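All residue numbers in this chain count up from 1 along the given sequence. What you see is a predicted model; the values in this text were computed from it and never measured.
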Amino acid sequence: SSRTPLLYILYAYFNPLVENKYSYIISIFIFSIFTYCLFYFSLKNKYKDKIHSSFIIFLSCIILLSPYFRTSSYWGLEENFGIFTIFISFIFFTRIKKKNNSANNFDILLLTFFSSLCVYFDHKLLIIPLFFLFNFLIEDKISFRKKINLILFYLIFSIPFLYLIYLW
C-alpha cells in the first residue's frame, strides 16, 4: 500500500481485532458503519433547520450506494478512514461557519487536526485541508487572528508529513 504508516500504527496500538485477517476485515466493516453514521450527523449539522430528519437519513444512505465505499468496507481496505475524517472535518467546518467570528480556537484546532488527518490517511485528500484553509482565508467574518491560528495549526500538523516525505 502507498499509504502513510499512521493507519497501521493506530491499528497496532488501538485496535484489539487485528489478530487475524478476518477480524481485521470485520473491524474495518464496523468502522465503515460508523462512517455512515457520521455522514448522517454531518448532514444533520448542516441542514437541520432546512430539511426534515427522515430525508437526511435517506440522503445519508447515498454513501452506501457507492461501490467504492462498499468494496472498501467489505474487503477491509483503508480508504474509508479518509472519508471518516472528511466528515468529522465537515462537522467542525459547519460549526465554525455558523459561529462566524465567535468561533473558539479549540474548534479551529479540531478542524485543522481532522482535515490534516485526511492527508495522513490518503494522499489524494490533500484538497480537503486546502479547501478549508482557502475558504477561511477569503472569509470576511473570521478575524485576522483566527486566520493566523488556522495557518499556524496547519503548519504544525503538516510537519510530520513533510518529514515523512523527506525520509521517503
* Asked: Under the salt bridge (charged side-chain N to carboxylate O under 4.0 Å, His left out) rule, what pairs show up with a residue in residues 34-59, not counting sequence neighbours?
  -> none
* Structure fact -> So CG of N149 and CD1 of I156: to nearest 0.5 Å the spacing works out to 9.5 Å
* According to a 4.5 Å side-chain heavy-atom criterion applied to Ile, Leu, Val, Met, Phe, Trp and Tyr, with indirect links allowed, do I151 and L162 form part of one hydrophobic cluster? -> no
* To do: For the residue pair F136 and F93, categorise the inter-ring angle as parallel (less than 30°), tilted (30 to 60°) or perpendicular (more than 60°).
  => perpendicular
* I159 vs L155 side-chain heavy atoms within contact, under 4.5 Å -> no
* Asked: How long is the span from the CG atom in L43 to the CD1 atom in I57, to the nearest 0.5 Å?
  -> 11.0 Å
* Looking at residues at least two apart in the chain, or sitting in another chain, which of them share a salt bridge (charged side-chain N to carboxylate O under 4.0 Å, His left out) with K97? -> E139
* **Pairs involving residues 106-121, ordered by first then second residue, that meet side-chain hydrogen bond (donor to acceptor under 3.5 Å, both in side chains) (sequence neighbours left out)** => R95-D107, K99-D107, S115-Y154
* Structure fact -> Between I138 and N135, the two heavy atoms sitting closest are CG1-O, 3.5 Å
* To do: If a pair satisfies salt bridge (charged side-chain N to carboxylate O under 4.0 Å, His left out) and one of its residues is in residues 54-63, list it, with sequence neighbours excluded.
  => none
* Is it true that the side chains of Y40 and S53 contain a donor and an acceptor less than 3.5 Å apart? -> yes
* Asked: Would a hydrophobic clustering, with Ile, Leu, Val, Met, Phe, Trp and Tyr connected at side-chain separations under 4.5 Å, put F106 with F90?
  -> yes
* Gap separating the CG atom of N105 from the CZ atom of F153, nearest 0.5 angstrom -> 5.5 Å
* Do I63 and F87 have side chains that get closer than 4.5 Å, going by heavy atoms? -> yes
* Kindly state each residue pair satisfying salt bridge (charged side-chain N to carboxylate O under 4.0 Å, His left out) with at least one member in residues 60-72, sequence neighbours excluded. => none
* **Contacts of F113 that satisfy side-chain contact (heavy atoms from CB on, under 4.5 Å) - sequence neighbours left out** => L117, F157
* To do: Identify, with sequence neighbours excluded, every residue that meets side-chain hydrogen bond (donor to acceptor under 3.5 Å, both in side chains) alongside S73.
  => S32, N80
* Structure fact -> Residue set satisfying salt bridge (charged side-chain N to carboxylate O under 4.0 Å, His left out) with K124, at least two apart, ordered chain then number -> D122
* Asked: Atom CZ of F84 and atom OG of S89: how far apart are they, to the nearest 0.5 Å?
  -> 10.5 Å
* Asked: Going by distance alone, is a donor N or O of one side chain under 3.5 Å from an acceptor N or O of the other, for N45 and S42?
  -> no
* **Flag side-chain contact, heavy atom, 4.5 Å: E79 against T71** => no
* Structure fact -> Residues passing the side-chain contact (heavy atoms from CB on, under 4.5 Å) test with I25, sequence neighbours excluded, are K21
* Should L109 and L137 be counted in the same cluster of Ile, Leu, Val, Met, Phe, Trp and Tyr side chains packed under 4.5 Å apart? -> yes
* Partners of I30 by side-chain contact (heavy atoms from CB on, under 4.5 Å), sequence neighbours excluded? -> I26, F34
* To do: Rounded to the nearest 0.5 Å, what's the gap from OG on S143 to CD1 on I148? Could you check?
  => 9.5 Å
* **Y24 OH: over 12 foreign heavy atoms closer than 6.0 Å** => yes
* In Å, rounded to the nearest 0.5 Å, how long is the span from CD1 of I96 to CG of N104? -> 8.0 Å
* Asked: Would you say the ring centroid of F58 lies under 6.0 angstrom from that of H52?
  -> no
* Give a yes or no on whether Y13 and F121 share a hydrophobic cluster (residues Ile, Leu, Val, Met, Phe, Trp, Tyr; joining criterion: side-chain heavy atoms under 4.5 Å apart). => yes
* To do: Over all heavy atoms of both residues, which pair between Y36 and C61 is shortest? Give the atoms and the distance, please.
  => OH-SG, 3.5 Å
* Could you note down all residue pairs passing salt bridge (charged side-chain N to carboxylate O under 4.0 Å, His left out) where residues 157-168 supplies at least one of them, sequence neighbours left out? => none
* **Smallest separation among heavy atoms of I28 and L77, with atom names** => CG2-O, 3.6 Å
* Asked: Going only through I, L, V, M, F, W and Y residues with side-chain contacts under 4.5 Å, is there a path from L125 to F31?
  -> yes
* With sequence neighbours left out, what residues match I62 under side-chain contact (heavy atoms from CB on, under 4.5 Å)? -> L59
